[in-house]
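In what follows, every chain begins at residue 1, and chains take the letters A, B, ... in the order their sequences are listed. Fair warning: this is a prediction, and the values are worked out from it, not measured in the lab.
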Number of protein chains: 2
Amino acid sequence: MATARRVGSATSETRAAILAATEQLLVESGYASVSSRSVAAAAGINPGLVHYYFPTLDDLFVAVFRRGAEKNLDRMARALASPTPFQALWRTSADPRGGALFFELMAAANHRPALRAEVAELAERARRLQIEALRELLPQYGVDGGLFPPEFVAAAIQGIALSLGREEALAMATEHRAAAAAMENLLDHLEQRRHAAPPRRAQGPEARS
Amino acid sequence: MATARRVGSATSETRAAILAATEQLLVESGYASVSSRSVAAAAGINPGLVHYYFPTLDDLFVAVFRRGAEKNLDRMARALASPTPFQALWRTSADPRGGALFFELMAAANHRPALRAEVAELAERARRLQIEALRELLPQYGVDGGLFPPEFVAAAIQGIALSLGREEALAMATEHRAAAAAMENLLDHLEQRRHAAPPRRAQGPEARS
DNA sequence: GTGTCGCTTGAACGGCTGTTCAACGACGGC
DNA sequence: GCCGTCGTTGAACAGCCGTTCAAGCGACAC
(Lines give C-alpha, C1' and ligand atoms only; values in the text may rest on other atoms or scores of the structure.)
Protein backbone atom coordinates (compact mmCIF):
# COMPACT_ATOMS: atom_id res chain seq x y z
CA MET A 1 0.00 0.00 0.00
CA ALA A 2 1.52 3.29 -1.07
CA THR A 3 2.06 5.73 1.80
CA ALA A 4 0.42 9.09 1.15
CA ARG A 5 2.88 11.82 0.25
CA ARG A 6 2.72 15.04 2.21
CA VAL A 7 0.84 17.88 0.54
CA GLY A 8 0.40 21.42 1.79
CA SER A 9 -2.75 22.60 3.49
CA ALA A 10 -5.59 23.80 1.32
CA THR A 11 -5.61 27.27 2.87
CA SER A 12 -1.92 27.98 2.40
CA GLU A 13 -0.88 31.33 1.01
CA THR A 14 1.89 29.73 -0.98
CA ARG A 15 -0.56 27.33 -2.51
CA ALA A 16 -2.71 30.22 -3.66
CA ALA A 17 0.34 31.96 -5.11
CA ILE A 18 1.21 28.85 -7.10
CA LEU A 19 -2.30 28.65 -8.52
CA ALA A 20 -2.30 32.34 -9.42
CA ALA A 21 1.09 32.11 -11.10
CA THR A 22 0.02 29.07 -13.08
CA GLU A 23 -3.12 30.82 -14.21
CA GLN A 24 -1.12 33.80 -15.36
CA LEU A 25 1.34 31.63 -17.26
CA LEU A 26 -1.48 29.74 -18.93
CA VAL A 27 -3.21 32.89 -20.13
CA GLU A 28 -0.08 34.72 -21.21
CA SER A 29 2.17 32.00 -22.59
CA GLY A 30 0.13 28.86 -23.12
CA TYR A 31 0.05 25.56 -21.32
CA ALA A 32 3.35 24.41 -22.79
CA SER A 33 5.13 27.11 -20.81
CA VAL A 34 3.88 25.74 -17.50
CA SER A 35 6.59 23.80 -15.68
CA SER A 36 7.58 23.34 -12.05
CA ARG A 37 10.38 25.81 -12.54
CA SER A 38 8.53 28.45 -14.52
CA VAL A 39 5.65 28.44 -12.08
CA ALA A 40 8.05 28.69 -9.14
CA ALA A 41 9.86 31.60 -10.77
CA ALA A 42 6.58 33.41 -11.44
CA ALA A 43 5.45 32.85 -7.87
CA GLY A 44 8.83 33.75 -6.38
CA ILE A 45 9.34 30.43 -4.64
CA ASN A 46 11.52 27.36 -4.83
CA PRO A 47 10.76 24.87 -7.63
CA GLY A 48 10.62 21.91 -5.29
CA LEU A 49 7.88 23.63 -3.34
CA VAL A 50 5.53 23.35 -6.29
CA HIS A 51 5.72 19.59 -6.03
CA TYR A 52 5.16 19.78 -2.32
CA TYR A 53 1.71 21.25 -2.89
CA PHE A 54 1.02 19.51 -6.19
CA PRO A 55 2.91 16.21 -6.42
CA THR A 56 2.29 16.02 -10.15
CA LEU A 57 1.83 18.67 -12.81
CA ASP A 58 -1.45 16.99 -13.58
CA ASP A 59 -2.54 17.79 -10.03
CA LEU A 60 -1.61 21.41 -10.58
CA PHE A 61 -3.54 21.68 -13.84
CA VAL A 62 -6.57 20.03 -12.32
CA ALA A 63 -6.46 22.35 -9.30
CA VAL A 64 -6.24 25.44 -11.50
CA PHE A 65 -9.13 24.18 -13.55
CA ARG A 66 -11.28 23.38 -10.51
CA ARG A 67 -10.72 26.80 -9.02
CA GLY A 68 -11.68 28.57 -12.25
CA ALA A 69 -14.59 26.22 -12.80
CA GLU A 70 -16.14 26.86 -9.41
CA LYS A 71 -15.88 30.59 -9.87
CA ASN A 72 -17.42 30.27 -13.29
CA LEU A 73 -20.29 28.05 -12.24
CA ASP A 74 -21.20 30.49 -9.48
CA ARG A 75 -21.04 33.38 -11.87
CA MET A 76 -23.12 31.56 -14.41
CA ALA A 77 -25.79 30.62 -11.88
CA ARG A 78 -26.00 34.24 -10.76
CA ALA A 79 -26.22 35.36 -14.38
CA LEU A 80 -29.10 33.02 -15.13
CA ALA A 81 -30.99 34.38 -12.12
CA SER A 82 -30.39 38.04 -12.96
CA PRO A 83 -33.05 40.39 -14.38
CA THR A 84 -31.46 40.18 -17.85
CA PRO A 85 -30.24 36.57 -17.84
CA PHE A 86 -29.41 36.32 -21.52
CA GLN A 87 -27.19 39.36 -21.47
CA ALA A 88 -25.60 38.29 -18.21
CA LEU A 89 -24.92 34.80 -19.51
CA TRP A 90 -23.21 36.27 -22.55
CA ARG A 91 -21.03 38.58 -20.50
CA THR A 92 -19.97 35.61 -18.40
CA SER A 93 -19.12 33.50 -21.42
CA ALA A 94 -17.36 36.34 -23.20
CA ASP A 95 -15.05 37.26 -20.34
CA PRO A 96 -11.65 37.45 -22.06
CA ARG A 97 -9.47 36.17 -19.26
CA GLY A 98 -11.76 33.30 -18.39
CA GLY A 99 -12.08 32.44 -22.06
CA ALA A 100 -8.34 32.35 -22.59
CA LEU A 101 -7.88 30.20 -19.52
CA PHE A 102 -10.56 27.77 -20.60
CA PHE A 103 -9.10 27.59 -24.07
CA GLU A 104 -5.66 26.71 -22.78
CA LEU A 105 -7.00 24.11 -20.38
CA MET A 106 -8.97 22.51 -23.18
CA ALA A 107 -5.84 22.37 -25.29
CA ALA A 108 -3.82 20.96 -22.41
CA ALA A 109 -6.53 18.37 -21.77
CA ASN A 110 -5.75 16.97 -25.19
CA HIS A 111 -2.71 15.17 -23.89
CA ARG A 112 -3.42 15.01 -20.18
CA PRO A 113 -6.08 12.37 -19.64
CA ALA A 114 -6.53 13.24 -15.97
CA LEU A 115 -7.29 16.83 -16.93
CA ARG A 116 -9.48 15.80 -19.80
CA ALA A 117 -11.82 13.85 -17.54
CA GLU A 118 -12.12 16.83 -15.25
CA VAL A 119 -12.78 19.30 -18.05
CA ALA A 120 -15.32 17.06 -19.69
CA GLU A 121 -17.23 16.53 -16.50
CA LEU A 122 -17.43 20.18 -15.64
CA ALA A 123 -18.21 21.33 -19.16
CA GLU A 124 -21.11 18.96 -19.08
CA ARG A 125 -22.35 20.21 -15.73
CA ALA A 126 -22.18 23.82 -16.89
CA ARG A 127 -23.91 22.92 -20.10
CA ARG A 128 -26.73 21.17 -18.30
CA LEU A 129 -27.16 24.11 -15.96
CA GLN A 130 -27.51 26.40 -18.95
CA ILE A 131 -29.87 24.12 -20.79
CA GLU A 132 -32.23 23.78 -17.86
CA ALA A 133 -32.34 27.53 -17.35
CA LEU A 134 -32.75 28.21 -21.07
CA ARG A 135 -35.60 25.76 -21.28
CA GLU A 136 -37.58 28.12 -19.08
CA LEU A 137 -36.14 31.34 -20.37
CA LEU A 138 -36.33 30.93 -24.14
CA PRO A 139 -40.16 30.94 -24.30
CA GLN A 140 -40.11 34.17 -22.30
CA TYR A 141 -37.94 35.68 -24.99
CA GLY A 142 -40.30 34.47 -27.68
CA VAL A 143 -37.71 32.19 -29.24
CA ASP A 144 -38.92 29.35 -31.43
CA GLY A 145 -38.03 26.23 -29.48
CA GLY A 146 -38.33 24.08 -32.60
CA LEU A 147 -35.62 25.89 -34.51
CA PHE A 148 -33.60 27.03 -31.53
CA PRO A 149 -33.70 24.40 -28.78
CA PRO A 150 -31.89 25.14 -25.52
CA GLU A 151 -29.05 22.77 -26.41
CA PHE A 152 -28.38 24.77 -29.54
CA VAL A 153 -28.58 28.18 -27.94
CA ALA A 154 -26.24 27.13 -25.14
CA ALA A 155 -23.70 25.74 -27.59
CA ALA A 156 -24.02 28.82 -29.76
CA ILE A 157 -23.40 31.30 -26.96
CA GLN A 158 -20.36 29.43 -25.73
CA GLY A 159 -19.03 28.86 -29.24
CA ILE A 160 -19.37 32.45 -30.34
CA ALA A 161 -17.75 33.65 -27.14
CA LEU A 162 -14.88 31.21 -27.55
CA SER A 163 -14.33 32.19 -31.16
CA LEU A 164 -14.48 35.93 -30.58
CA GLY A 165 -12.10 35.59 -27.68
CA ARG A 166 -9.62 33.74 -29.86
CA GLU A 167 -9.85 36.34 -32.58
CA GLU A 168 -9.11 39.06 -30.12
CA ALA A 169 -6.12 37.10 -28.84
CA LEU A 170 -4.87 36.78 -32.40
CA ALA A 171 -5.13 40.56 -32.74
CA MET A 172 -7.41 40.19 -35.73
CA ALA A 173 -8.86 43.25 -37.35
CA THR A 174 -12.20 44.86 -36.69
CA GLU A 175 -14.42 42.04 -37.98
CA HIS A 176 -14.75 40.46 -34.59
CA ARG A 177 -15.68 43.80 -33.08
CA ALA A 178 -18.54 44.07 -35.52
CA ALA A 179 -19.63 40.56 -34.59
CA ALA A 180 -19.44 41.32 -30.88
CA ALA A 181 -21.42 44.50 -31.38
CA ALA A 182 -24.06 42.58 -33.30
CA MET A 183 -24.27 40.10 -30.45
CA GLU A 184 -24.79 42.89 -27.91
CA ASN A 185 -27.40 44.42 -30.16
CA LEU A 186 -29.21 41.10 -30.57
CA LEU A 187 -29.24 40.62 -26.81
CA ASP A 188 -30.56 44.12 -26.26
CA HIS A 189 -33.31 43.38 -28.69
CA LEU A 190 -34.20 40.12 -26.96
CA GLU A 191 -34.21 41.61 -23.49
CA GLN A 192 -36.47 44.42 -24.67
CA ARG A 193 -38.81 42.00 -26.31
CA ARG A 194 -38.94 39.93 -23.13
CA HIS A 195 -39.90 42.89 -20.98
CA ALA A 196 -42.34 44.29 -23.52
CA ALA A 197 -44.49 41.28 -24.36
CA PRO A 198 -45.74 38.47 -22.13
CA PRO A 199 -44.70 34.99 -23.21
CA ARG A 200 -47.15 33.82 -25.85
CA ARG A 201 -46.72 31.42 -28.73
CA ALA A 202 -43.14 30.42 -29.57
CA GLN A 203 -41.42 32.56 -32.18
CA GLY A 204 -37.97 33.15 -33.62
CA PRO A 205 -35.53 35.67 -32.18
CA GLU A 206 -35.94 38.32 -34.86
CA ALA A 207 -37.81 41.53 -35.44
CA ARG A 208 -39.10 42.80 -38.72
CA SER A 209 -36.99 45.87 -38.23
CA MET B 1 25.47 38.17 -45.00
CA ALA B 2 24.28 34.86 -43.74
CA THR B 3 24.79 32.01 -46.18
CA ALA B 4 21.53 30.22 -46.97
CA ARG B 5 21.14 26.85 -45.29
CA ARG B 6 20.24 23.92 -47.46
CA VAL B 7 16.56 22.97 -47.40
CA GLY B 8 14.88 20.09 -49.19
CA SER B 9 12.91 20.54 -52.37
CA ALA B 10 9.25 21.47 -52.11
CA THR B 11 8.11 18.37 -54.00
CA SER B 12 9.99 15.87 -51.91
CA GLU B 13 8.20 12.77 -50.73
CA THR B 14 9.98 12.91 -47.39
CA ARG B 15 8.87 16.47 -46.92
CA ALA B 16 5.26 15.44 -47.42
CA ALA B 17 5.70 12.58 -44.96
CA ILE B 18 7.01 15.01 -42.34
CA LEU B 19 4.03 17.29 -42.81
CA ALA B 20 1.60 14.40 -42.61
CA ALA B 21 3.22 13.03 -39.48
CA THR B 22 3.17 16.45 -37.84
CA GLU B 23 -0.49 16.88 -38.67
CA GLN B 24 -1.29 13.51 -37.15
CA LEU B 25 0.65 14.30 -34.00
CA LEU B 26 -1.09 17.65 -33.66
CA VAL B 27 -4.55 16.16 -33.96
CA GLU B 28 -3.93 13.14 -31.77
CA SER B 29 -1.59 14.38 -29.07
CA GLY B 30 -1.55 18.18 -29.16
CA TYR B 31 1.06 20.67 -30.22
CA ALA B 32 3.23 20.08 -27.17
CA SER B 33 3.95 16.58 -28.42
CA VAL B 34 5.47 17.84 -31.66
CA SER B 35 9.26 17.68 -31.59
CA SER B 36 11.94 16.97 -34.15
CA ARG B 37 12.30 13.50 -32.75
CA SER B 38 8.65 12.61 -32.31
CA VAL B 39 7.87 13.78 -35.84
CA ALA B 40 10.80 11.82 -37.21
CA ALA B 41 9.69 8.69 -35.39
CA ALA B 42 6.13 9.05 -36.67
CA ALA B 43 7.40 9.56 -40.21
CA GLY B 44 9.95 6.75 -39.96
CA ILE B 45 12.94 8.95 -40.71
CA ASN B 46 16.00 10.35 -39.00
CA PRO B 47 15.48 13.27 -36.62
CA GLY B 48 18.11 15.43 -38.23
CA LEU B 49 16.24 15.15 -41.50
CA VAL B 50 13.34 17.11 -40.10
CA HIS B 51 15.63 20.10 -39.66
CA TYR B 52 16.95 19.62 -43.14
CA TYR B 53 13.52 20.35 -44.57
CA PHE B 54 12.36 22.71 -41.82
CA PRO B 55 15.32 24.44 -40.20
CA THR B 56 13.18 25.54 -37.28
CA LEU B 57 10.15 24.02 -35.62
CA ASP B 58 8.43 27.32 -36.33
CA ASP B 59 8.98 26.66 -40.01
CA LEU B 60 7.39 23.25 -39.63
CA PHE B 61 4.34 24.59 -37.82
CA VAL B 62 3.90 27.35 -40.37
CA ALA B 63 4.19 24.87 -43.25
CA VAL B 64 1.59 22.56 -41.72
CA PHE B 65 -0.71 25.49 -41.18
CA ARG B 66 -0.26 26.83 -44.73
CA ARG B 67 -1.02 23.46 -46.24
CA GLY B 68 -4.19 23.06 -44.22
CA ALA B 69 -5.18 26.66 -44.80
CA GLU B 70 -4.94 26.44 -48.57
CA LYS B 71 -7.03 23.30 -48.63
CA ASN B 72 -9.57 24.94 -46.38
CA LEU B 73 -9.82 28.18 -48.34
CA ASP B 74 -10.44 26.23 -51.54
CA ARG B 75 -13.07 24.13 -49.87
CA MET B 76 -14.74 27.18 -48.40
CA ALA B 77 -14.82 29.01 -51.72
CA ARG B 78 -16.38 25.97 -53.37
CA ALA B 79 -18.91 25.73 -50.53
CA LEU B 80 -19.97 29.34 -50.90
CA ALA B 81 -20.54 28.79 -54.62
CA SER B 82 -22.53 25.58 -54.20
CA PRO B 83 -26.32 25.31 -54.61
CA THR B 84 -26.79 25.14 -50.83
CA PRO B 85 -24.00 27.46 -49.68
CA PHE B 86 -25.08 27.80 -46.09
CA GLN B 87 -25.19 24.08 -45.52
CA ALA B 88 -21.93 23.58 -47.39
CA LEU B 89 -20.20 26.29 -45.38
CA TRP B 90 -21.31 24.63 -42.17
CA ARG B 91 -20.08 21.23 -43.24
CA THR B 92 -16.72 22.76 -44.08
CA SER B 93 -16.43 24.52 -40.73
CA ALA B 94 -17.64 21.49 -38.79
CA ASP B 95 -15.15 19.04 -40.27
CA PRO B 96 -13.77 17.28 -37.17
CA ARG B 97 -10.23 16.70 -38.30
CA GLY B 98 -9.80 20.19 -39.72
CA GLY B 99 -11.33 21.65 -36.61
CA ALA B 100 -8.99 19.79 -34.30
CA LEU B 101 -6.00 20.81 -36.39
CA PHE B 102 -7.06 24.45 -36.40
CA PHE B 103 -7.65 24.35 -32.67
CA GLU B 104 -4.18 23.02 -31.96
CA LEU B 105 -2.53 25.51 -34.28
CA MET B 106 -4.39 28.35 -32.60
CA ALA B 107 -3.18 27.11 -29.23
CA ALA B 108 0.37 26.72 -30.50
CA ALA B 109 0.21 30.22 -31.99
CA ASN B 110 -0.18 31.53 -28.45
CA HIS B 111 3.51 31.17 -27.79
CA ARG B 112 4.94 31.08 -31.31
CA PRO B 113 4.83 34.60 -32.69
CA ALA B 114 5.81 33.52 -36.18
CA LEU B 115 2.89 31.14 -36.27
CA ARG B 116 0.54 33.63 -34.71
CA ALA B 117 1.11 36.14 -37.48
CA GLU B 118 0.39 33.47 -40.07
CA VAL B 119 -2.76 32.24 -38.35
CA ALA B 120 -4.08 35.75 -37.82
CA GLU B 121 -3.55 36.71 -41.44
CA LEU B 122 -5.27 33.66 -42.82
CA ALA B 123 -8.13 33.69 -40.35
CA GLU B 124 -8.79 37.22 -41.46
CA ARG B 125 -8.70 36.32 -45.15
CA ALA B 126 -11.11 33.45 -44.61
CA ARG B 127 -13.37 35.63 -42.55
CA ARG B 128 -13.46 38.33 -45.21
CA LEU B 129 -14.23 35.77 -47.88
CA GLN B 130 -17.18 34.53 -45.84
CA ILE B 131 -18.44 37.99 -45.04
CA GLU B 132 -18.44 39.09 -48.65
CA ALA B 133 -20.31 35.99 -49.74
CA LEU B 134 -22.75 36.22 -46.84
CA ARG B 135 -23.48 39.84 -47.65
CA GLU B 136 -25.07 38.63 -50.87
CA LEU B 137 -26.45 35.36 -49.55
CA LEU B 138 -28.18 36.41 -46.35
CA PRO B 139 -30.88 38.50 -48.06
CA GLN B 140 -31.64 35.50 -50.26
CA TYR B 141 -32.28 33.48 -47.13
CA GLY B 142 -34.55 36.18 -45.78
CA VAL B 143 -32.29 36.92 -42.84
CA ASP B 144 -32.64 40.26 -41.09
CA GLY B 145 -29.39 42.05 -41.86
CA GLY B 146 -29.93 44.46 -38.99
CA LEU B 147 -29.99 41.80 -36.30
CA PHE B 148 -27.77 39.28 -38.08
CA PRO B 149 -25.08 41.10 -40.05
CA PRO B 150 -22.65 38.98 -42.10
CA GLU B 151 -19.84 39.54 -39.60
CA PHE B 152 -21.98 38.03 -36.89
CA VAL B 153 -23.21 35.06 -38.90
CA ALA B 154 -19.68 34.23 -40.01
CA ALA B 155 -18.35 34.37 -36.45
CA ALA B 156 -21.30 32.34 -35.20
CA ILE B 157 -20.87 29.53 -37.71
CA GLN B 158 -17.18 29.21 -37.01
CA GLY B 159 -17.63 29.53 -33.27
CA ILE B 160 -20.35 26.92 -33.02
CA ALA B 161 -18.36 24.54 -35.19
CA LEU B 162 -15.24 25.04 -33.08
CA SER B 163 -17.14 24.53 -29.87
CA LEU B 164 -19.01 21.44 -30.99
CA GLY B 165 -15.79 19.95 -32.28
CA ARG B 166 -14.13 20.47 -28.93
CA GLU B 167 -17.02 18.90 -27.09
CA GLU B 168 -16.80 15.87 -29.28
CA ALA B 169 -13.07 15.64 -28.63
CA LEU B 170 -13.77 15.79 -24.90
CA ALA B 171 -16.15 12.88 -25.34
CA MET B 172 -18.96 14.87 -23.82
CA ALA B 173 -22.40 13.39 -23.63
CA THR B 174 -25.26 13.77 -26.03
CA GLU B 175 -25.89 17.48 -25.55
CA HIS B 176 -23.62 18.47 -28.37
CA ARG B 177 -25.34 15.99 -30.65
CA ALA B 178 -28.63 17.71 -29.98
CA ALA B 179 -27.01 21.04 -30.77
CA ALA B 180 -25.49 19.72 -34.00
CA ALA B 181 -28.82 18.25 -35.01
CA ALA B 182 -30.52 21.57 -34.33
CA MET B 183 -27.93 23.28 -36.52
CA GLU B 184 -28.58 20.88 -39.39
CA ASN B 185 -32.29 21.39 -38.94
CA LEU B 186 -31.91 25.15 -38.96
CA LEU B 187 -29.86 25.00 -42.13
CA ASP B 188 -32.40 22.73 -43.79
CA HIS B 189 -35.06 25.20 -42.91
CA LEU B 190 -33.07 28.10 -44.32
CA GLU B 191 -32.20 26.35 -47.56
CA GLN B 192 -35.84 25.42 -48.07
CA ARG B 193 -36.95 28.95 -47.42
CA ARG B 194 -34.38 30.25 -49.91
CA HIS B 195 -35.57 27.98 -52.67
CA ALA B 196 -39.24 28.53 -51.90
CA ALA B 197 -39.50 32.29 -51.81
CA PRO B 198 -37.73 34.97 -53.87
CA PRO B 199 -35.66 37.43 -51.85
CA ARG B 200 -38.00 40.12 -50.60
CA ARG B 201 -37.79 42.31 -47.51
CA ALA B 202 -35.24 41.35 -44.90
CA GLN B 203 -36.50 39.04 -42.19
CA GLY B 204 -35.16 36.93 -39.34
CA PRO B 205 -34.19 33.28 -39.79
CA GLU B 206 -37.18 31.74 -38.07
CA ALA B 207 -40.47 30.18 -38.98
CA ARG B 208 -43.64 30.21 -37.00
CA SER B 209 -43.59 26.44 -37.03
C1' DG C 1 14.92 21.45 26.81
C1' DT C 2 13.25 18.05 23.77
C1' DG C 3 10.34 16.42 20.16
C1' DT C 4 7.26 16.92 16.49
C1' DC C 5 5.14 18.94 12.66
C1' DG C 6 4.49 21.89 8.52
C1' DC C 7 7.05 24.46 5.32
C1' DT C 8 11.00 25.29 2.67
C1' DT C 9 15.50 24.62 0.42
C1' DG C 10 19.09 22.77 -2.68
C1' DA C 11 20.84 19.28 -5.13
C1' DA C 12 20.47 15.42 -7.85
C1' DC C 13 18.49 11.59 -11.17
C1' DG C 14 17.59 10.44 -16.04
C1' DG C 15 15.38 11.93 -19.95
C1' DC C 16 13.79 14.79 -23.62
C1' DT C 17 14.36 19.15 -26.08
C1' DG C 18 16.02 22.44 -30.45
C1' DT C 19 19.65 22.95 -33.18
C1' DT C 20 24.20 22.35 -35.44
C1' DC C 21 27.57 19.90 -37.94
C1' DA C 22 30.77 16.80 -40.15
C1' DA C 23 30.55 12.95 -42.80
C1' DC C 24 28.56 9.57 -46.13
C1' DG C 25 26.42 7.25 -50.39
C1' DA C 26 24.16 8.11 -54.68
C1' DC C 27 23.65 10.36 -58.78
C1' DG C 28 23.83 13.55 -62.83
C1' DG C 29 26.93 16.88 -65.59
C1' DC C 30 31.03 17.28 -67.91
C1' DG D 1 36.93 9.59 -64.06
C1' DC D 2 36.05 13.53 -61.45
C1' DC D 3 33.12 17.09 -59.16
C1' DG D 4 29.26 19.03 -57.00
C1' DT D 5 24.93 18.65 -55.32
C1' DC D 6 21.11 16.24 -52.81
C1' DG D 7 19.22 13.41 -49.34
C1' DT D 8 20.53 11.29 -45.35
C1' DT D 9 22.83 9.78 -41.07
C1' DG D 10 24.68 9.89 -36.39
C1' DA D 11 26.70 12.24 -32.93
C1' DA D 12 27.14 16.10 -30.18
C1' DC D 13 26.05 20.71 -27.80
C1' DA D 14 23.71 23.03 -24.03
C1' DG D 15 19.47 23.52 -21.81
C1' DC D 16 15.13 22.57 -19.67
C1' DC D 17 12.04 19.03 -18.06
C1' DG D 18 9.31 16.10 -14.01
C1' DT D 19 10.20 14.15 -10.01
C1' DT D 20 12.54 12.59 -5.75
C1' DC D 21 14.93 13.17 -1.54
C1' DA D 22 17.71 14.40 2.38
C1' DA D 23 18.34 18.07 5.07
C1' DG D 24 17.20 22.51 7.34
C1' DC D 25 13.94 25.72 9.26
C1' DG D 26 10.73 28.02 12.64
C1' DA D 27 6.88 27.32 15.67
C1' DC D 28 4.45 25.07 18.82
C1' DA D 29 3.30 21.05 22.50
C1' DC D 30 4.74 19.09 26.45
Side-chain angles (χ1 to χ4, degrees), chain A residues 2-22 25-26 28-64 104 107-115, chain B residues 2-22 25-26 28-64 104 107-115:
Chain A
T3 69
R5 275 247 320 249
R6 297 194 302 168
V7 296
S9 87
T11 60
S12 157
E13 198 173 314
T14 305
R15 190 189 153 97
I18 293 174
L19 289 175
T22 306
L25 274 173
L26 276 173
E28 289 174 8
S29 316
Y31 73 82
S33 78
V34 172
S35 71
S36 341
R37 288 161 176 91
S38 68
V39 167
I45 59 171
N46 187 282
L49 202 47
V50 173
H51 286 284
Y52 171 73
Y53 285 95
F54 306 96
T56 291
L57 273 198
D58 269 336
D59 297 326
L60 175 56
F61 274 103
V62 168
V64 168
E104 280 304 323
N110 237 11
H111 61 122
R112 286 186 179 274
L115 182 58
Chain B
T3 69
R5 275 250 317 255
R6 297 193 300 169
V7 296
S9 88
T11 62
S12 157
E13 195 173 315
T14 304
R15 190 189 151 97
I18 294 174
L19 289 175
T22 306
L25 274 174
L26 276 172
E28 291 175 6
S29 316
Y31 74 82
S33 77
V34 172
S35 71
S36 342
R37 289 162 177 91
S38 68
V39 167
I45 60 172
N46 186 283
L49 202 47
V50 173
H51 286 284
Y52 171 71
Y53 286 96
F54 307 95
T56 291
L57 273 199
D58 269 335
D59 297 327
L60 175 57
F61 274 103
V62 168
V64 168
E104 280 304 323
N110 237 11
H111 62 122
R112 287 185 179 273
L115 182 58

Starting at [atom1] of [X] and ending at [atom2] of [N], how long is that distance when rounded to a whole Å?
X       : N      : atom1 : atom2 : result
B:Leu25 : C:dT17 : CG    : C1'   : 15 Å
B:Ile45 : D:dG10 : CD1   : P     : 12 Å
B:Phe54 : C:dG18 : CZ    : P     : 15 Å
B:Leu57 : C:dC16 : CG    : P     : 17 Å
A:Asp59 : D:dT20 : CG    : C1'   : 15 Å
A:Tyr53 : C:dG6  : OH    : C1'   : 8 Å
A:Leu60 : D:dC17 : CG    : P     : 14 Å
A:Arg15 : C:dT8  : CZ    : P     : 13 Å

| request: Work out which heavy atom in B:Ala43 is nearest to a heavy atom in B:Ala17; give both atom names and the distance. | output: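 Scanning both residues completely, I find the closest heavy atoms to be CB-O, 4.0 Å.
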
| field | Non-hydrogen atoms of A:Ala108 and A:Leu115 that approach each other most closely | value |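 Shortest heavy-atom contact: CB-CD2, 3.8 Å.
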
Close side-chain approach of [X] and [Y], heavy atoms under 4.5 Å:
X       : Y       : result
B:Ser38 : B:Leu25 : yes
B:Val64 : B:Phe61 : no
A:Phe54 : A:Val62 : no

Kindly compute the distance separating [atom1] ([X]) from [atom2] ([Y]), expressed to the nearest 0.5 Å.
X       : Y        : atom1 : atom2 : answer
B:Ile18 : B:Tyr52  : CD1   : OH    : 10.5 Å
A:His51 : A:Leu60  : NE2   : CG    : 9.0 Å
A:Leu57 : A:Arg112 : CG    : CZ    : 5.5 Å
A:Ser36 : A:Asn46  : OG    : CG    : 11.0 Å
B:Ser33 : B:Glu104 : OG    : CD    : 8.0 Å

| Any side-chain donor near an acceptor of the partner, B:His111 and B:Tyr31, under 3.5 Å |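 B:Tyr31 and B:His111 do have a side-chain donor-acceptor pair below 3.5 Å.
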
Distance below 4.0 Å between [X] side-chain N/O and [N] OP1 or OP2:
X       : N      : value
A:Thr14 : C:dT8  : yes
A:Tyr52 : C:dT8  : no
B:Ser35 : C:dC16 : no

Check nucleotides 25-27 of chain C for protein N or O atoms closer than 3.5 Å to its own N or O atoms and list the pairs.
none

| said: Which residue is it: A:Thr14, A:Thr22, A:Ile45? I am looking for the one with a side-chain contact (heavy atoms from CB on, under 4.5 Å) to A:Val50. | reply: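 Option passing the side-chain contact (heavy atoms from CB on, under 4.5 Å) with A:Val50: A:Ile45.
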
| message | Can you give me the bend angle of the helix from C:dG1-D:dC30 to C:dC30-D:dG1? Use the axis through the first five pairs and the one through the last five, nearest 10 degrees. | response |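 The end axes of the helix from C:dG1-D:dC30 to C:dC30-D:dG1 are about 10° apart, to the nearest 10°.
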
Enumerate all atom pairs, one protein N or O and one N or O from nucleotides 10-12 of chain C, separated by less than 3.5 Å.
unit_1: C:dG10; atom_1: N7; unit_2: A:Asn46; atom_2: OD1; d: 3.4
unit_1: C:dA12; atom_1: N6; unit_2: A:Arg37; atom_2: NH2; d: 3.3

| said: Over all strands shown, is A:Val34 touching base, sugar-phosphate only, or nothing at heavy-atom distances under 4.0 angstrom? | reply: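 Since only primed, P, OP1 and OP2 atoms lie under 4.0 Å of A:Val34, the category is sugar-phosphate.
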
